[in-house]
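Quantities reported herein were computed from a predicted structural model and do not represent experimental measurements. Throughout, a chain's letter reflects where its sequence line sits, starting with A, and its residues are numbered from 1. Hydrogens, waters and symmetry mates are skipped; everything else that's a heavy atom, side chains included, is used.
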2 protein chains.
Amino acid sequence: MNSGDSSAGGGGDEALKEAREAFINHWGAMGSAWGINRTMAQIHALLFTATEPMSTDGIMAELQISRGNANTNLRELASWGLIRSVMIRGERKEHFEAEKDVWKMFCLIARERKRREVSPTVEVLEECRQRTRGLRTAESRQFARQMKEIGDFLRLGETLLEKAVAMEESKAVALARKLFR
Amino acid sequence: MNSGDSSAGGGGDEALKEAREAFINHWGAMGSAWGINRTMAQIHALLFTATEPMSTDGIMAELQISRGNANTNLRELASWGLIRSVMIRGERKEHFEAEKDVWKMFCLIARERKRREVSPTVEVLEECRQRTRGLRTAESRQFARQMKEIGDFLRLGETLLEKAVAMEESKAVALARKLFR
DNA sequence: CATATTTTTCAGTATTTACTGAAAACGGCT
DNA sequence: AGCCGTTTTCAGTAAATACTGAAAAATATG
């Protein structure tokens with residue numbers, strides 16, 4: 001009973017450390033694929049799986065990154081509401097902890113992406129539509145219709161998310177399950 | 001009645017051209033924000049708003065890009081199913097047209113992102129969970145639980161999308177509207 | 001208020017990602 | 001087979017993005 005067994009002792013800590021590292025790395029890669037800076041996603045994963053709030057220095061050490069990098073991405077994560085700074089008594093350094101509730105996390109991301117990307121897109125589409133609305137060529141009419149169709153789709157999506165995000169997780173999940181039993 | 005009026009003639013064509021360009025640019029920027037290469041998104045927008053299928057050369061000229069760049073991104077768009085190549089009689093060059101139905105477009109993107117990103121993530125999470133499952137420390141238990149929670153959330157999302165994507169647009173929209181009247 | 005500690009900023013640099021263009025490969029045609 | 005128009009590939013390069021580290025600014029301490 002030693003290295004193959006994962007139920008106790010140093011081997012267990014090792015397994016946890018490795019699994020956590022795998023998660024942090026994968027979360028970083030996923031961030032990249034979805035237009036989020038890899039480091040920002042890694043810091044998020046690190047804090048999400050941390051049991052205690054961490055200082056900037058702790059994060060720098062863990063992820064082997066510079067102070068500037070850590071600071072920038074911590075501020076960005078805070079601006080999304082995904083982490084918050086907490087003061088630890090007896091410590092002067094700022095410490096950070098992540099929102100641990102997956103549903104709340106999802107709501108924060110949805111809200112922010114809507115605000116930063118979807119809504120501005122809806123505006124551009126509407127503007128494109130208005131600019132070509134009076135035109136009478138077949139091309140213009142088709143274009144204006146397409147702008148309307150994407151706009152309608154995005155607005156419907158926005159509404160759905162708004163409603164979902166306003167719900168308790170349990171309600172939302174129950175609804176989802178009922179819908180597609 | 002001249003430049004200010006947008007209802008007919010050359011001014012109208014100009015307005016359409018400008019609006020279309022604005023759409024293409026914005027679509028490209030949105031692509032970037034969501035982890036999709038800007039040029040790929042621009043080609044998509046170009047074909048989406050085109051009335052006729054376009055050749056690689058046409059696309060190169062319109063977006064001022066090289067043949068290699070155009071070719072790569074056209075193949076990538078085709079691999080997502082967002083465009084298809086069509087043969088034009090009398091022409092030897094390959095021509096491309098985009099899926100114009102917004103709901104179908106959404107379904108294609110959802111399916112592809114699920115396949116490429118969400119499902120692999122679910123697998124990693126499951127693996128992380130398994131690797132720490134036997135451990136008995138508080139940290140390990142919390143970590144394993146977190147992996148399960150994200151995994152459950154993503155799987156539920158996958159299921160919902162699968163079902164939605166299997167529906168007709170009209171049904172899906174009707175359902176959405178009913179849900180949140 | 002002088003000093004120590006922490007945080008922010010940002011010019012310079014490194015890394016990653018995307019693009020070009022020319023050569024090679026392909027595919028039809030005679 | 002040999003030619004010709006088309007598409008693909010990919011080494012080299014450009015552009016975009018992310019990161020470092022040290023200096024400046026802010027904040028706390030006695």
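A 4.5 Å side-chain heavy-atom check between B/Phe23 and A/Val124 finds every atom pair outside the cut-off.
Listed by chain and residue number, A/Ile83 satisfy the side chain to side chain contact (heavy atoms under 4.5 Å, CB included) test with A/Ala78 (two or more places apart in sequence, or in another chain). Residues meeting the side chain to side chain donor-acceptor pair (under 3.5 Å) test with A/Lys163, sequence neighbours left out: none. With sequence neighbours left out, the side chain to side chain contact (heavy atoms under 4.5 Å, CB included) criterion links A/Ala61 to no other residue. By the salt bridge (Lys or Arg N to Asp or Glu O under 4.0 Å) test, A/Glu139 is found to be paired with no residue, residues two or more places apart in sequence or in another chain being considered. Residues forming a salt bridge (Lys or Arg N to Asp or Glu O under 4.0 Å) with B/Asp152 (at least two apart in sequence, or on another chain): B/Lys148, B/Arg155. Listed by chain and residue number, A/Asn69 satisfy the side chain to side chain contact (heavy atoms under 4.5 Å, CB included) test with A/Ser66 (two or more places apart in sequence, or in another chain). With sequence neighbours left out, the side chain to side chain contact (heavy atoms under 4.5 Å, CB included) criterion links A/Gln146 to A/Gln142, B/Phe48, B/Thr49, B/Lys100.
Only A/Asn73, A/Arg92, listed by number, bring a heavy atom of residues 70-98 of chain A to less than 4.0 angstrom from any atom of DNA chain D. Listed by residue number, the members of residues 22-56 of chain A with any heavy atom below 4.0 angstrom from DNA chain D are A/Asn37, A/Thr39.
Nucleotide C/dT17 holds its P atom 16 Å from the CG atom of B/Asn69, rounded to whole Å.
Bracketed by its first and final contacts, the part of DNA chain D lying under 4.0 Å from non-hydrogen atoms of chain A reaches from D/dA18 to D/dT29 in 5' to 3' order.
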Show the atom names and distances, to 0.1 Å, of all donor-acceptor pairs under 3.5 Å that link a side chain in residues 34-42 of chain B to residues at least two apart or in another chain.
{"from": "B/Trp34", "atom 1": "NE1", "to": "A/Glu117", "atom 2": "OE1", "distance (Å)": "3.1"}
{"from": "B/Asn37", "atom 1": "OD1", "to": "B/Thr39", "atom 2": "N", "distance (Å)": "2.7"}
{"from": "B/Asn37", "atom 1": "OD1", "to": "B/Met40", "atom 2": "N", "distance (Å)": "3.2"}
{"from": "B/Arg38", "atom 1": "NH2", "to": "B/Ser32", "atom 2": "OG", "distance (Å)": "3.4"}

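Side-chain heavy-atom separations under 4.5 angstrom define the hydrophobic clusters, and B/Val165 shares its cluster with no other residue.
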